[in-house]
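What follows is a single structure, written as structure tokens, with notes after it.
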Amino acid sequence: MIESSAPTLSIVIPNYNYGSFLSILLDSINKSKHRESIEVIVVDGGSTDNSVENARQRLLVNDTLISEKDKGQADAISKGLKVARGAWFIFQNSDDLFEVSGLDACIEIMKGSIDSDMIVGAYGLCVNISNSWKKELNYIPVYGIKRFMLLINLYFPNQCTFYLTKLAKTTDFDVKKKFALDLDFTVRFIRQHGLNYFVVPAIVGYLRLHADSKTSNMQPVCSAEVEEIHRINFNLFDRLMCYLYYPVYLLYSILKKKQYRYRIMRNNYS
């Protein structure tokens, strides 16, 4: 049972010199109808722009702002996770976005009776087209994902995946990871605690694509880290199972995603 004084959800936001994006993200969180159930933890790595000022203007009394030098994004998230008081945890990059209706839908699930360690929703891309940010649906989760399928794709993007905080703290983040820290965390979380997830058919978050993002600038680092994660966490049997099972999952997911797409359009855009 969650104590009434404890938040339902802790959102950890690592940030460094993304003051304008951070403001947009915090403003969107503050529009949640369950804002009193959310604890926001901004972990700033010693920004030299207006990030800290923007955060102070938008954070509520029970939120947390940490501003000090860190060892990178994974270290910042780890700091936030250590002080998180919510029953559930998610981290959101300061230049990404939440879809408030989807966020609220997930919080309502968290407040109910749920026997899962993870909650995952759909997510989209936010792309700058002709100086205007356009949102588009990119990923729809379905049931049937197996641990070994993380050899193919990260089926639990950080923009739309929530973890039980008490379990997430035992896994923690590898501060040595500079890019694939989300994949590394998810793979180790599932190895430790099993794969028990609940699907919410609504867009929860967006990955913002822009020229300064690490997605645009760190692909060689990404490839090296992903290769290392695969080598350490998956054996030949996992690779064989992935090869055999994936075509079956693919056919199943195509059918299910058609159903989920309709529900997502209804939930997010009606």
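Values below: all heavy atoms of this structure, side chains included; hydrogens, waters and symmetry mates excluded.
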**Prompt:** What distance do C106 atom SG and E99 atom CD have between them, rounded to the nearest 0.5 Å?
**Reply:** 11.5 Å
**Request:** Find out whether I38 and S32 are in side-chain contact, i.e. whether some heavy atom of one side chain is under 4.5 Å from a heavy atom of the other.
**Result:** yes
**Request:** Take the angle between the ring planes of F173 and F185 and call it parallel below 30°, perpendicular above 60°, tilted in between.
**Result:** parallel
**Asked** From R239 CZ over to L244 CG, what is the distance, rounded to the nearest 0.5 angstrom?
**Response** 14.0 Å
**Message:** Evaluate N17 against T48 for side chain to side chain contact (heavy atoms under 4.5 Å, CB included), listing each step before the verdict.
**Reply:** CA-CA 6 Å; N17 284 341; T48 57; 3.4 Å; yes
**Prompt:** Which pairs count as salt bridge (charged side-chain N to carboxylate O under 4.0 Å, His left out) when at least one residue sits in residues 153-174, sequence neighbours excluded?
**Reply:** K82-D172, D174-K177
**Asked** Are any non-hydrogen side-chain atoms of F98 and I90 less than 4.5 angstrom apart?
**Response** yes
**Prompt:** Would the number of heavy atoms belonging to other residues, nucleotides or ligands and lying under 6.0 Å from CD of E227 be above 12?
**Reply:** no
**For R35, all residues meeting side-chain hydrogen bond (donor to acceptor under 3.5 Å, both in side chains), sequence neighbours excluded** = N30, D63
**Prompt:** What class does the angle between the rings of F198 and Y143 fall in, given that below 30° is parallel, 30 to 60° is tilted and above 60° is perpendicular?
**Reply:** perpendicular
**Asked** For K146, does its backbone N or O pair with a side-chain atom of Y245 as donor and acceptor, under 3.5 Å?
**Response** no
**Message:** A side-chain contact here means heavy atoms from C-beta on lying under 4.5 Å apart; do T171 and R191 qualify?
**Reply:** no
**Prompt:** Between S51 and Y16, do the side chains contain an N or O donor and an N or O acceptor separated by less than 3.5 Å?
**Reply:** no
**Item:** Backbone N/O of D115 and side chain of N196: donor-acceptor pair under 3.5 Å
**Value:** yes
**Request:** Give the intermediate values and the outcome of side chain to side chain contact (heavy atoms under 4.5 Å, CB included) for residues Y246 and F148.
**Result:** CA-CA 10 Å; Y246 181 69; F148 50 74; over 6 Å; no
**Fill in**
Value for OH (Y206) from CG (L97), rounded to nearest 0.5 Å, stands at 8.5 Å
**Asked** Going through the checks in order, is the side chain to side chain contact (heavy atoms under 4.5 Å, CB included) test met by L164 and F89?
**Response** CA-CA 6 Å; L164 279 176; F89 153 81; over 6 Å; no
**Request:** Treating Ile, Leu, Val, Met, Phe, Trp and Tyr as nodes and any side-chain heavy-atom pair under 4.5 angstrom as an edge, say whether L22 and L60 lie in one connected cluster.
**Result:** no
**Asked** When rounded to the nearest 0.5 angstrom, what is the spacing between CG in L255 and CG in L250?
**Response** 10.0 Å
**Request:** Could you check if a side-chain atom of Y163 sits within less than 4.5 angstrom of a side-chain atom of D117, using non-hydrogen atoms only?
**Result:** no
**Item:** Closest non-hydrogen atom pair, A84 against I41
**Value:** CA-CD1, 3.7 Å
**Message:** Tell me whether V226 shares a hydrophobic cluster with I152, the cluster being built from Ile, Leu, Val, Met, Phe, Trp, Tyr side chains joined at under 4.5 Å.
**Reply:** yes
**Prompt:** Roughly how far, to the nearest 0.5 Å, is the OG1 atom of T161 from the CZ atom of F91?
**Reply:** 9.0 Å
**Request:** To the nearest 0.5 Å, tell me how far M118 CE sits from I190 CD1.
**Result:** 4.5 Å
**Prompt:** What are the two closest heavy atoms between L181 and A74, and how far apart are they?
**Reply:** CD2-N, 4.0 Å
**Message:** Please find the pair of heavy atoms, one from P14 and one from I77, that lie closest to each other, and give the distance.
**Reply:** CG-CG1, 3.7 Å
**Item:** Minimum side-chain heavy-atom gap T170-Q192 below 4.5 Å
**Value:** yes
**Message:** I'd like to know if V142 and I114 are part of one continuous hydrophobic network [Ile/Leu/Val/Met/Phe/Trp/Tyr, side-chain heavy atoms within less than 4.5 Å].
**Reply:** yes
**Item:** Shortest non-hydrogen contact from G144 toward Y197
**Value:** N-OH, 3.0 Å
**Message:** Has T165 got a side-chain atom pairing as donor or acceptor with A87's backbone, closer than 3.5 angstrom?
**Reply:** yes
**Prompt:** Donor-acceptor pair, S28 side chain versus L25 backbone, under 3.5 Å?
**Reply:** yes
**Cluster link V127 to Y123, ILVMFWY, side chain under 4.5 Å** = yes
**Prompt:** Does N54 reach the main-chain N or O of G19 with its side chain, forming a donor-acceptor pair under 3.5 Å?
**Reply:** yes
**Fill in**
All heavy atoms of G205 vs all of C160, minimum pair found to be N-CB, 4.5 Å
**Request:** Would you confirm whether S132, through its side chain, and I129, through its main-chain N or O, come within 3.5 Å as a donor-acceptor pair?
**Result:** no
**Item:** R188/D184 ion pair, N-O < 4.0 Å
**Value:** yes
**Side chains of N138 and L207 in contact at under 4.5 Å (non-hydrogen atoms)** = no
**Asked** Do the side chain of N128 and the main chain of W133 share a donor and acceptor less than 3.5 angstrom apart?
**Response** no
**Item:** Within the 6.0 Å centroid threshold, strictly below: F21 and H210
**Value:** yes
**Asked** Could you walk me through whether L9 and L103 pass the side chain to side chain contact (heavy atoms under 4.5 Å, CB included) check?
**Response** CA-CA 10 Å; L9 172 64; L103 178 63; 3.9 Å; yes
**Request:** Identify the heavy atoms of A202 and G102 that sit nearest to each other, and give their distance.
**Result:** CB-CA, 4.1 Å
**Request:** State whether the side chain of N233 and the backbone N or O of I229 hold a donor-acceptor pair below 3.5 Å, judged by distance alone.
**Result:** yes
**Prompt:** Would you say N93 and Y18 make side-chain contact, with heavy atoms under 4.5 Å?
**Reply:** no
**Residues, nucleotides or ligands: over 12 heavy atoms within 6.0 Å of L236 CG** = no
**Message:** Using 30° and 60° as the class boundaries, would you call the ring planes of Y249 and Y252 parallel, tilted or perpendicular?
**Reply:** tilted
**Prompt:** Do V187 and M241 share a hydrophobic cluster, counting only Ile, Leu, Val, Met, Phe, Trp and Tyr and linking them when any side-chain heavy atoms are less than 4.5 Å apart?
**Reply:** yes
**Prompt:** With distance as the sole test, does D182 use its side chain to make a donor-acceptor pair with the main-chain N or O of P157 at under 3.5 Å?
**Reply:** no
**Request:** Would you confirm whether Q92, through its side chain, and N158, through its main-chain N or O, come within 3.5 Å as a donor-acceptor pair?
**Result:** no
**Item:** Heavy-atom side-chain contact between D238 and R147 under 4.5 Å
**Value:** yes
**Prompt:** In chain order, what residues pass the side-chain hydrogen bond (donor to acceptor under 3.5 Å, both in side chains) check against E39, with sequence neighbours excluded?
**Reply:** S10, R85
